[in-house]
Chemist: 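Submitted below is the structure of interest, expressed as structure tokens.
Predicted model, so just to flag it, every value in this text is computed and none were measured.
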Amino acid sequence: EGDADFMSQFENLSSRTSSDGGDSVSEISKPDLEEHLDNLGIGNFQRKLFFICCYVMCIHTMQMVEFFILRQYLLLEWGVDENQYRLLALLQTNVIALGCVLGGVGADIYGRYLILLACTLIHCISAMLRTISPAYSIFSLCTSVSSFCIGSL
């Protein structure tokens, strides 16, 4: 299919070529905006990829804001000291990086759609469990799973 698209671009060029029938050099009309975008490679796949990246950034930002808002409650309710809170934030960042690597490998093996669907589902479940977690250890585990899924997205 890729070769057919590639060849159709060159067929498109030949249809834009006009000749006056003599020995003069043929003149090519100027390409329009759609042809420029097609030649740059900005198509539906790139638009979908852009929206997926925006979705991931929104989720990550939401999780960081939630984590920042919960700071005071974590310190007071569960008796978490400042160092444990910072350690959880560091762990969250490292797990996101690990999720990027392993999510890319998984996407190469199983396909992007399956990984996107699985990570979104697992992220939603772990986020719900995180909100009702009765202990700091369960909260930390659910945060790490959720961070891994965000990295994989």
Chemist: Please tell me whether Leu121 and Leu129 are part of a single hydrophobic cluster in this structure, the criterion being side-chain heavy atoms less than 4.5 Å apart.
Modeler: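 As far as the 4.5 Å side-chain criterion goes, Leu129 and Leu121 are connected within one cluster.
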
Chemist: When clusters are formed by joining ILVMFWY residues with side-chain heavy atoms under 4.5 Å apart, either directly or through shared neighbours, do Val105 and Leu114 land in the same one?
Modeler: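 Yes, Val105 connects to Leu114 through the hydrophobic network.
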
Chemist: Got a second to check how far Leu102's CG is from Ile115's CD1, nearest 0.5 Å?
Modeler: 10.0 Å

Chemist: Look up atom CD in Gln92 and atom CZ in Phe148, then write down how far apart they are to the nearest 0.5 Å.
Modeler: 14.0 Å

Chemist: Please report the interatomic distance OH(Tyr85) to CG(Leu90), rounded to the nearest 0.5 Å.
Modeler: 12.5 Å

Chemist: I want to check something: taking the side chain as every heavy atom from C-beta on, are Leu91 and Ser144 in contact at a cut-off of under 4.5 Å?
Modeler: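 Of all side-chain heavy-atom pairs linking Ser144 with Leu91, at least one is under 4.5 Å.
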
Chemist: Indicate the atoms forming the closest heavy-atom contact of Val145 with Ser126, along with that distance.
Modeler: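 That would be CG1-CB, 3.9 Å.
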
Chemist: Taking the side chain as everything from C-beta on, heavy atoms only, tell me whether Thr120 gets closer than 4.5 Å to His123.
Modeler: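 Of all side-chain heavy-atom pairs linking His123 with Thr120, none is under 4.5 Å.
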
Chemist: Determine, stepwise, if the pair Tyr136 / Gln84 fulfils side chain to side chain contact (heavy atoms under 4.5 Å, CB included).
Modeler: CA-CA 10 Å; Tyr136 179 71; Gln84 285 179 322; 4.2 Å; yes

Chemist: Using 0.5 Å steps for rounding, measure from the CD1 atom of Ile122 to the SG atom of Cys142.
Modeler: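 Reported to 0.5 Å precision, the distance equals 12.0 Å.
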
Chemist: Between atom CG of Asn83 and atom CG of Leu88, what is the distance when rounded to the nearest 0.5 Å?
Modeler: 12.5 Å

Chemist: Give the minimum heavy-atom separation between Ser152 and Cys119, together with the two atoms involved.
Modeler: CB-SG, 3.4 Å

Chemist: Does any N or O in the side chain of Ser133 come within less than 3.5 Å of the main-chain N or O of Arg130, such that one atom is a donor and the other an acceptor?
Modeler: yes

Chemist: Working to the nearest 0.5 angstrom, can you tell me the gap between Ile150 CD1 and Cys100 SG?
Modeler: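 Between Ile150 CD1 and Cys100 SG, I get 10.5 Å after rounding to 0.5 Å.
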
Chemist: For the backbone of Ala127 and the side chain of Ser146, can you confirm whether one donor and one acceptor N or O come within less than 3.5 Å of each other?
Modeler: no

Chemist: Tyr110: what forms a ring pair (Phe, Tyr, Trp, His ring centres under 6.0 Å) with it, not counting sequence neighbours?
Modeler: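 Expected list: none.
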
